[in-house]
Amino acid sequence: MMNNTKDKKTDPLKCLLQQNVMDTPTADFSDKLLHASMASYRVSYSKKYQKEERLGKVILVILISFNLMMLIKLRPFGVDPVMVVGIFALLMFLFAFGVHYLTRKLRAVNKDFFT
Amino acid sequence: MLFGKTREDENYYLNKAILGERKGFEYLIARYQKLAYTLAVKICKNKEDAEEVVQDAFMKAFRALADFRSAAKFSTWLYKIVYYTALTKKSSRRMDGIELDEDSESEIYLLDEKKEFNGLVQADRKRYINLALNTLGEEERVVITLHYLGEKSTSEIAEILDIGKSAVKMRLVRGRQKLEQSLKGLLGTEINEL
């Protein structure tokens, strides 16, 4: 095993080929390749992200609707369901606003990344 | 140890690229483009086509970047795309009736001459070794390129080319023998070390 490793390292054919056969692309081509690859990744990533985001929103709306229906049906604390829904809507608004406010920096970074 | 460190670096930069960071992309391109380009040139035998093939392959590979957790898997996938894209390019050129083989009769004639290699300048040396490599069959040439230049293992080459390990070993041995034979004529005393 040891000999095999040594042989591989000192193989004259390998040295000869590595010194003479490797083709190197131009710096201009490398630059173009970098930009094209990054652009391609961003497009595919943003498409994937948009799909997942849409699916997440649909699932969230369905779950919240079911929760509200349960809440109205059960009439907790014997309070008027309209009032419960109103309080719930206020809490949801405060939560959504909080999340929006706290993630503004993260969204700004993402916007730079995808444009 | 050194090999392990390189793998760690590769995985680190792969994760950076997944997160969309420029330095991740720069590293991956700098690391893999040379072999990808060499492989494409060896198949297409044309630098313009090779550049197109490499660009297409990198774009395709980067589209699936987020699915990879290891750089080794990513590079194998990338070289596989390069191989198949280059083959497609070559066959489409053939259908267009464009002759790709750059070996002219005079160049092949040079292979038969028992020229003393020591006196040749570096550019000629490179040209002669490339000529010797071009005398191999396409699959042997690709296997030799991946093994000796890319330092890929037999199983990795088998995965890239979609063939069995024994077929890779056979092509490697056959290619090496043919190459030694051609280089003996070309390199004279220098090749005796082989």
Side-chain angles (χ1 to χ4, degrees), chain A residues 1-56 102-115, chain B residues 17-22 24-26 28-30 33-42 47-48 50-52 54-66 122-130 132-133 141 144-145 147-151 175-176 179-180 183 187 190-194:
Chain A
M1 184 69 186
M2 193 80 170
N3 274 341
N4 194 20
T5 316
K6 200 184 166 191
D7 281 352
K8 273 186 178 176
K9 277 181 185 166
T10 54
D11 186 350
L13 182 64
K14 183 182 163 185
C15 296
L16 199 68
L17 291 176
Q18 281 187 339
Q19 282 165 15
N20 297 286
V21 176
M22 194 69 110
D23 293 288
T24 312
T26 58
D28 193 35
F29 171 71
S30 301
D31 256 16
K32 252 172 50 186
L33 184 62
L34 177 67
H35 287 112
S37 303
M38 282 183 75
S40 159
Y41 180 66
R42 281 170 188 176
V43 168
S44 68
Y45 188 84
S46 65
K47 272 182 192 164
K48 197 177 166 185
Y49 181 73
Q50 275 170 1
K51 270 184 202 165
E52 282 174 6
E53 197 182 32
R54 241 175 265 151
L55 181 69
L102 291 171
T103 58
R104 68 195 188 284
K105 204 174 171 183
L106 197 69
R107 273 181 285 114
V109 172
N110 273 343
K111 201 176 173 185
D112 282 348
F113 179 80
F114 290 120
T115 51
Chain B
I18 290 170
L19 292 172
E21 289 183 26
R22 191 188 170 90
F25 285 94
E26 280 174 346
L28 293 179
I29 287 175
Q33 70 166 351
K34 265 192 180 181
L35 184 63
Y37 182 69
T38 306
L39 194 62
V41 169
K42 296 289 170 268
K47 290 196 171 170
E48 285 77 35
E51 284 186 355
E52 273 181 40
V54 171
Q55 187 161 328
D56 276 1
F58 267 96
M59 283 169 73
K60 281 178 198 164
F62 278 130
R63 263 180 234 148
L65 187 68
Q122 184 62 26
D124 284 333
R125 182 189 169 100
K126 199 171 172 172
R127 192 164 155 238
Y128 280 91
I129 294 170
N130 270 302
L133 201 62
R141 193 164 57 238
I144 291 276
T145 307
H147 183 73
Y148 287 110
L149 302 180
E151 298 183 344
R176 192 188 161 98
L179 207 55
E180 280 176 10
L183 290 174
L187 306 178
E190 196 166 334
I191 205 68
N192 286 343
E193 294 171 28
L194 293 176

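To find a chain, count down the sequence lines: A is the first, B the second, and so on, and within it residues start at 1.
Only the side chain of B/Ile144 comes within less than 4.5 Å of a heavy atom of chain A; its backbone N, CA, C and O stay farther away.
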*Give the C-alpha distance, both sets of side-chain angles, the deciding distance and a yes or no for side-chain contact (heavy atoms from CB on, under 4.5 Å) between B/Leu179 and A/Leu17.*
CA-CA 10 Å; B/Leu179 207 55; A/Leu17 291 176; 4.0 Å; yes
*Audit row: A/Leu34, B/Arg22, side-chain contact (heavy atoms from CB on, under 4.5 Å) steps and yes/no*: CA-CA 9 Å; A/Leu34 177 67; B/Arg22 191 188 170 90; 3.4 Å; yes
*Might you work through the side-chain contact (heavy atoms from CB on, under 4.5 Å) test for A/Val21 and B/Leu133, ending with a clear yes or no?*
CA-CA 9 Å; A/Val21 176; B/Leu133 201 62; 3.5 Å; yes
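A salt bridge links A/Asp23 with B/Lys42; the closest basic N to acidic carboxylate O contact falls under 4.0 Å. Salt-bridge annotation for B/Glu151 and A/Lys14: present, with a side-chain N of the basic residue lying under 4.0 Å from a carboxylate O of the acidic one.
Atoms CD and CZ, from B/Glu48 and A/Phe29 in turn, are 11.0 Å apart once rounded to the nearest 0.5 Å. Separating the CG atom in B/Asn130 from the CG atom in A/Asn20 is a distance of 8.0 Å, to the nearest 0.5 Å. Here CD of B/Glu51 is found 8.5 Å from CG of A/Asp28. Values are rounded to the nearest 0.5 Å. Residue B/Lys34 holds its NZ atom at 4.0 Å from OG1 of A/Thr24, rounded to the nearest 0.5 Å.
You'll find the side chain of A/Ser37 reaches within 4.5 Å of the side chain of B/Ile29, heavy atoms only.
Of all the heavy atoms in B/Gly20 and A/Met38, the pair that sits closest is O-CE, 4.4 Å. Shown here for B/Leu19 and A/Tyr41, the closest heavy-atom pair between the two residues is N-OH, 4.4 Å.
Checking side-chain atoms of B/Thr38 against main-chain N and O of A/Met22 turns up no donor-acceptor pair under 3.5 Å. Although no hydrogens or angles enter the test, the distance criterion places a donor-acceptor pair under 3.5 Å between the side chain of A/Gln18 and the main chain of B/Tyr148.
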